[in-house]
Every structure is written in structure tokens, then in C-alpha cells.
Amino acid sequence: MPDFETDSNLVQEYKYGFFTDIETDTIPKGLNEEVIAIISAKKNEPVWMLEWRLKAFRRWQKMKNPDWAFLDMPEIDFQDIHYYSAPKEPVDMKEMDPELLKTFERLGIPMGERDALSGVAMDVVFDSVSVGTTHKELLEEQGIIFCSISEAIQKHPDLVKQYLGTVVPPGDNFYAALNSAVFTDGSFCYIPKGVTCPVELSTYFRINAADTGQFERTLIVCDDNATCSYLEGCTAPARDTNQLHAAVVEIVALENADVKYSTVQNWYAGDEEGKGGIYNFVTKRGHCRGRKSKISWTQVEVGAAITWKYPSCVLEGDGSVGEFYSVAFTNNHMQADTGTKMIHVGKNTSSTIISKGISAGYSSNNYRGLVKVVEGASNARNHSICDSLLIGRDCSANTFPYIESEDDSAHLAHEATTSTISEDQLFYLKSRGLSEEDAASMVVKGFCKDVFKKLPLEFSVEAIKLLEIKLEGSIG
Amino acid sequence: MAYLEIKNLHARTGDIKILKGVNLEINKGEVHALMGPNGSGKSTLSSVIMGHPDYEVTEGDILLNGESILEMDPDERALAGLFLCFQYPVAIPGVSISNFMKKAVDARHPEGKAPAGPFLKEMRENMDYLDMDKAFANRGLNEGFSGGEKKRMEILQMMMFKPSIAIMDETDSGLDIDALQVVAKGVNKMRGPELGLLVITHYERILTYIAPQFLHILMEGKVVMSGGPELVKKLEENGYDWVRDQLAATV
Ligand SMILES: Nc1ncnc2c1ncn2[C@@H]1O[C@H](COP(=O)(O)OP(=O)(O)OP(=O)(O)O)[C@@H](O)[C@H]1O
Ligand SMILES: [Mg+2]
């Protein structure tokens with residue numbers, strides 16, 4: 001394989017496409033109850049957890065891979081996947097495998113004590129295991145629990161039991177059931193009553209081993225009057241086979257709690273011909289359980305061969321607020337079907353949706369969203385803006401905004417536009433001395449601004465840079 | 001040899017021939033006015049000089065500092081010192097003025113990056129000079145701007161980019177008297193030995209503020225008459241029919 005540092009083509013094509021050569025403990029391909037038992041045993045899990053997994057597995061066996069999104073995708077052979085792969089040595093941050101440390105440096109992840117002031121607490125999931133969490137002491141002082149889900153299952157079983165699967169039940173959908181059966185790691189986060197988390201919480205997911213599925217599970221619970229901001233990032237090596245990523249994220253917001261969840265998704269998207277890449281099938285849902293609680297999803301999706309996800313909010317608490325801000329960029333043969341569901345259950349609930357889809361190359365980029373107001377959810381309000389921008393003639397964008405309202409007092413407003421980068425805009429900017437690429441990139445970034453400004457500051461800079469890299473070569 | 005030379009320029013879009021042999025020479029330090037009836041091709045001439053992809057040059061040449069620019073992209077022309085104040089500037093939503101200006105100034109900087117401090121200072125001073133509110137710098141480029149605000153924005157860019165040849169396409173149209181004076185103020189601050197200016201207009205009024213040395217009249221895709229400041233008065237008094245009569249008489 002070419003040297004990551006020196007091969008500028010590779011760097012440009014997919015900056016994170018390197019592979020880390022470390023010794024791993026990988027179980028054979030295939031999925032059955034025994035494999036699940038092995039995973040559970042490797043994680044030292046209590047019996048209740050294994051039973052939970054097996055129940056989910058039995059549900060999954062009766063379910064069918066859904067086909068309603070009309071994705072163009074070969075059938076997935078679920079027996080041809082490794083469900084567990086971990087770096088061999090137990091991972092202590094201080095004696096972490098130097099190869100692994102190098103990986104994190106390449107990813108730009110602050111991992112050591114030297115970064116204790118960087119304002120970000122980071123958990124890193126490498127293939128199937130969490131390899132380290134930073135800022136532990138600072139968080140513990142405030143009673144905040146931020147650790148891998150495996151650790152939480154052992155150390156905080158009551159909390160996990162109380163909340164796991166209550167937002168996304170194991171039988172929710174095909175991939176959620178699969179995840180519930182085989183999830184290997186992910187982050188757990190609990191913010192106690194009245195605490196405002198002093199740092200950004202962040203998890204970095206990396207698929208490294210070949211033919212491995214990544215099934216992480218994230219659970220965030222924000223207790224009464226608590227606040228936190230969480231960011232997830234993900235990358236994978238460039239490989240010419242497809243890999244499956246089927247995560248579940250659950251958020252619980254209790255009374256007056258405020259959770260902001262941001263994602264910068266940069267999984268390997270396959271090559272120019274559409275060979276390889278990650279299948280990104282994710283279930284993300286937040287439950288505004290308490291009065292006046294708020295959950296805000298912000299996502300910047302620039303990777304993955306196929307993306308299929310709808311970060312959603314169930315607005316049960318009276319006066320609760322749900323937000324969804326999304327930038328989805330697709331290029332080459334990428335396919336994205338993403339959007340949100342806002343389910344208004346409580347009274348005086350409100351939701352905002354801003355979706356910006358950019359398609360280039362031969363890609364297809366769909367917004368699919370549901371705003372539902374159940375009977376009795378009086379004075380629900382939603383405002384949706386779904387804009388699509390097309391670069392070139394061979395890509396497509398579609399918007400599927402579903403609205404179901406059972407309450408007459410609801411105020412729902414939907415706006416949608418589809419545009420291309422106009423010749424006049426490009427000419428204007430070029431006549432000011434900007435190159436074609438810079439001009440187009442400027443128009444695209446302007447198009448996405450309303451979403452980027454919702455990201456935590458340090459990540460919005462990163463996200464903009466990332467989008468710039470992705471735009472290079474997709475214009476003209 | 002003039003700094004900007006337009007020689008027998010023919011241009012069309014699709015099957016429509018618009019420019020039919022334009023000749024024009026502009027030197028640094030000179031101010032030229034260009035007038036002509038609606039649809040005579042003034043904006044097309046500006047667009048062709050700037051390299052708009054909609055127009056194809058079928059004959060003739062444009063030389064800047066002795067070199068043909070016909071093969072150059074618009075951005076290369078801009079960096080070579082050309083600037084166009086658009087008659088209808090387009091909006092670039094979500095792109096702040098300061099961000100845009102920085103990028104465009106960077107593009108002109110020998111190291112590719114202009115130091116932020118001096119850049120901001122200069123921009124603030126120029127905005128002050130044009131009576132623009134500082135808060136403006138954070139707004140989206142031309143996004144929701146009034147006609148007058150757009151024109152000021154064009155002048156601000158001209159002041160920041162310091163072109164050697166600038167074309168102002170009806171920058172005076174749709175301005176109230178105050179705005180007109182501000183625009184004229186900006187132009188007069190810029191004029192000098194380093195700038196050649198082509199002011200396209202329908203009104204004598206801006207010319208009283210800017211006082212061009214030369215006036216050209218464009219009709220049906222050709223410069224049909226050129227003269228000094230006295231021609232402005234004559235045209236104002238007699239209209240384009242007089243020009244047409246003169247032309248008929250000379251044929
Ligand atoms: N892209 C185009 N497609 C079709 N016709 C065009 C195009 N551009 C210019 N024209 C035509 O060419 C002619 C000249 O237009 P132009 O805008 O250059 O005139 P102008 O002298 O600037 O007029 P005004 O004083 O109204 O601004 C007009 O008849 C116009 O309709
Ligand atoms: Mg015109």
C-alpha cells in the first residue's frame with residue numbers, strides 16, 4: 001500500500017484511507033447464537049445483557065432487510081462478516097500500541113494528557129472496542145459518566161438497564177435488531193441533574209480490520225436541568241469491498257435537559273467507480289421525555305457508499321423542542337437517503353428541520369422526513385426547509401417530506417428548493433479572481449451555512465475543511 | 001499601444017450576433033464614458049471583456065498590456081488587472097462579504113494569503129469612506145441588498161482589488177442622489193495614473209461628477225462615434241437620432 005504521508009493523491013482522495021497494521025483478536029466470520037455468546041463473554045457481560053442480545057437476535061432472524069428506500073445495493077451476506085475485532089493488547093492510554101497512537105495522530109484526535117485543556121473529552125472506538133477515554137477525572141468531579149458502553153454495562157448496570165433500548169427498542173427495525181444482538185462497543189454518557197457538562201464529549205469511530213462490521217451503540221442520558229454537547233466522528237480505511245456499519249444511538253432528555261448531538265460522518269465512500277465503501281445504516285433517535293427538554297441533531301454527512309439514516313426526535317414532554325440540521329454531500333456513486341422524523345406528542349412542542357443536500361457526480365441524495373402530530377399534541381409547530389443543490393447533470397436529488405397531522409391546532413410550514421450552482425454566480429466570483437473550484441466551493445459553503453453555524457465552533461472549522469476537500473475534483 | 005485595446009471585436013451568443021466590430025482603446029490614467037441605446041451591446045461588451053462563457057468571440061481581439069486575453073479564464077483576467085462593476089450583481093447567499101473579500105484579496109496576494117490585520121483595516125476604511133455600515137461585512141454577499149447597496153458593494157470591491165482597468169456598467173442607474181455622490185466619491189478616489197476607467201451610463205449626471213476625458217457611443221454593436229466632453233452635451237441635447245443622422249450623412 002502507498003505511504004500515507006507521501007502519496008498526495010491518496011491523501012486528497014480520502015485522507016483517512018490508511019490501514020493500521022496491528023495485531024487483532026478477530027472472531028471468525030458468521031452470525032449465530034454462539035457468536036453472540038462469544039462477544040458477550042469477551043466483554044465480560046452479565047447474563048442479563050447476553051439474554052437481551054439473544055432476544056434481539058431471535059427477533060432479527062424473523063425480520064427482513066427493508067427495501068423501501070429503493071437503494072441500489074447488492075444483497076448483504078450477513079454470514080460473511082466478522083462481528084468482533086479488537087486490538088490484541090488490552091488498551092491502557094499510557095501504553096497504547098504505538099501504531100494505534102499514530103493512527104489517532106493521523107486522524108487528528110487528541111488522545112494524551114497533553115490535550116487535557118483542549119476542551120474535548122474523547123472516547124475512541126477502534127473496530128469493536130473502545131480504546132480510551134480522555135478527561136475522565138474532570139468529568140468524574142461533576143458526576144458525569146462518560147465511558148464505553150461495555151464499561152458502563154459492568155460499572156453502571158442499573159443506569160444501562162433503565163435506559164438501554166427504551167428509545168430504540170431492539171425490534172424497532174432490521175438493523176436496530178441486528179445492532180442490539182451484536183453491538184460491540186460505543187459510548188455511554190450520563191449527565192446528572194443540574195449539571196452543565198464543561199467540555200464537548202466526543203467519540204471517534206474507526207473501522208480498521210477488513211470484512212468487519214461495526215455495530216456501535218451509544219446511549220446518552222441527560223437528567224433534569226442538565227446540558228451536554230456531544231460529537232461523533234468516523235473514518236475507515238479505503239478498501240474495495242463494502243463494509244457494514246449499523247449503529248444505534250439513543251438519547252434521553254429529561255425535564256429541561258438540553259442535548260446537542262453533532263456528527264461528522266466521513267466513512268470511506270468507495271472509489272470513483274463506486275467500488276468499495278461503507279454501508280452506513282444507522283438508527284438515531286432522541287426522546288424528549290421531560291417537560292421543556294430539547295434535543296438537537298446536527299449532521300455533516302460527506303462519506304459512506306450508502307447512507308441510510310434519520311436522526312429523529314420524539315417530543316413527548318410538553319414544550320419540548322426537536323431540531324435537525326443536516327448537510328449531506330454525495331459524489332461519484334454515493335447514495336444517501338437521510339432526513340428526520342419529528343413526532344409531536346406533548347403539548348406546545350416545536351421542531352425545526354434544515355436540510356441541505358449537495359449532489360455531484362453520479363450520486364443520488366434524498367431527503368426523507370416525517371413530521372407527525374398525534375391527536376392531543378396541541379399547538380405543535382414545525383418549520384422545515386429542505387434545499388438541494390446539484391453539481392453537474394448526472395446526479396439526482398429528491399425530497400420526500402411526509403406530514404401526518406391529527407391535531408388541527410398544529411402550525412406546520414415546509415419549504416423546499418432545488419437548484420444548481422448558477423453560471424452567473426460562478427462568473428461573478430471568477431470575475432473577482434477566484435478559480436472555478438474556489439468559486440463553486442464558496443457557493444456550496446454559503447448554501448450550507450445555516451447548518452455549519454449549528455456545529456460546535458472547533459468542529460465547524462473542521463467540517464468546512466472536510467467539505468472543501470470533498471468538493472475538490474467534483475466540480476467542473 | 002494602449003493598455004487595453006479592443007480591436008474589431010465581434011461576439012455572439014448562440015445565433016445572435018451582438019458585437020459587430022467594436023474598436024476601443026483605454027490607457028491607464030484615462031476615464032472614458034460609453035453611452036448607447038438600450039440593447040446596443042454595452043453590457044455584452046463588458047461581459048466579453050471579462051470572459052463570460054455565454055459569448056463567443058468570432059473575430060477581432062482584446063489586448064491587455066499588449067497581450068491577447070481571449071484565451072484567459074475570467075479569474076485570470078481579474079488577476080491580470082481587469083475589474084467589472086456589474087449592472088446586475090448576483091447574490092451569493094450565505095457567503096459573508098468579509099469572507100468573500102478576504103478570499104479575493106488573498107487571490108491577488110503574492111503569497112496567496114493577505115495578512116488579516118491590514119486587510120481588515122483597509123476594508124473598514126473603505127467601507128467608512130463609502131458610508132457603509134460596519135455590520136454590513138457580515139451579511140451575505142448581495143443577499144437581500146437594495147439596488148443602491150449592491151452598487152456600493154461593487155465600488156467597495158473595486159477599491160479593495162485595485163484594478164488597472166475597471167469597467168462600470170451602469171453603476172449610476174437606480175441610485176438616489178446621495179448614493180450617486182458616494183459612488184462618484186469612490187471613483188474619484190480611485191482615479192489616477194494607475195487606473196483606466198470605462199464608465200457605461202445613460203445619464204449625463206454621473207459624468208458631471210466623474211468628468212471623463214472621452215466619450216464613445218455604441219450603437220448596434222459598434223462604436224459609431226467618439227469625442228471629448230463636448231460630445232456629452234451634444235448628445236444630451238439632441239439624442240441618439242442626431243447620432244443616427246450624422247452617421248447617415250457620412251455614408
Ligand atoms: N445571453 C444572451 N442571450 C440572448 N440575447 C442576449 C444575451 N445577452 C445579450 N443579448 C441581447 O443582446 C443585445 C444587447 O444586450 P446588452 O445587455 O449588451 O445591451 P445594453 O447595451 O447593455 O442595454 P441596456 O442599456 O439596456 O443595459 C440585446 O438585444 C440583448 O437582448
Ligand atoms: Mg446593459
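First the proteins, then the strands, lettered A, B, ... as listed; each starts at 1. A quick note: this is a predicted structure, and the numbers were derived from the prediction, not measured.
- Considering CD1 of B:Ile165 and CD of B:Glu30, their distance stands at 8.5 Å, rounded to 0.5 Å.
- Within 6.0 Å of the NZ atom in B:Lys150, the count of heavy atoms belonging to other residues, nucleotides or ligands exceeds 12.
- Taking 4.5 Å as the heavy-atom cut-off, the residues of residues 49-71 of chain B that approach chain A are B:Met50, B:Gly51, B:His52, B:Pro53, ordered by number.
- A donor-acceptor pair under 3.5 Å is formed between the side chain of A:Ser363 and the backbone N or O of A:Ala360.
- Not counting sequence neighbours, the partners of A:Lys430 by the salt bridge (Lys or Arg N to Asp or Glu O under 4.0 Å) test are A:Glu436.
- Residues of residues 88-107 of chain B having a heavy atom under 4.5 Å from any heavy atom of chain A, listed by number: B:Pro89, B:Val90, B:Ala91, B:Ile92, B:Pro93, B:Gly94, B:Val95, B:Asn99, B:Phe100, B:Lys103, B:Ala104, B:Ala107.
- Residues A:Met442 and A:Leu434 have side chains in contact (heavy-atom distance under 4.5 Å, counting atoms from C-beta outward).
- Within the 3.5 Å criterion, the main-chain N or O of A:Ala328 finds a donor-acceptor partner in the side chain of A:Asn365.
- Using modelled atom types and a 3.5 Å distance limit, the side chains of A:Ser296 and A:Glu323 yield a donor-acceptor pair.
- With a 4.5 Å cut-off on non-hydrogen atoms, A:Tyr428 touches chain B through its backbone and its side chain both.
- Taking OG of A:Ser355 as the reference point, atom CG of A:Asp387 lies at 8.0 Å (rounded to 0.5 Å).
- In this structure, B:Phe86 CZ and B:Asp169 CG are separated by 9.0 Å, a value rounded to the nearest 0.5 Å.
- The backbone N or O of A:Ser351 lies less than 3.5 Å from no partner atom in the side chain of A:Arg381, so there is not a single donor-acceptor pair.
- In summary, the side chains of A:Gln299 and A:Ser326 do present a donor paired with an acceptor at a separation below 3.5 Å, with no hydrogens or angles considered.
- Within residues 108-140 of chain B, the residues having any heavy atom under 4.5 Å from a heavy atom of chain A are, by residue number, B:Arg108.
- Using modelled atom types, one finds a donor on one side chain and an acceptor on the other under 3.5 Å when comparing B:Gln87 with B:Ser43.
- B:Thr171 and B:Leu175 get closest at one heavy-atom pair: O-CD1, 3.3 Å.
- Listed options A:Val443, A:Asp424, A:Asp438 were ranked by heavy-atom pairs under 4.5 angstrom with chain B; first place goes to A:Asp424.
- Comment: A:Arg432 engages B:Glu154 in a salt bridge, judged by a side-chain N to carboxylate O separation of less than 4.0 angstrom.
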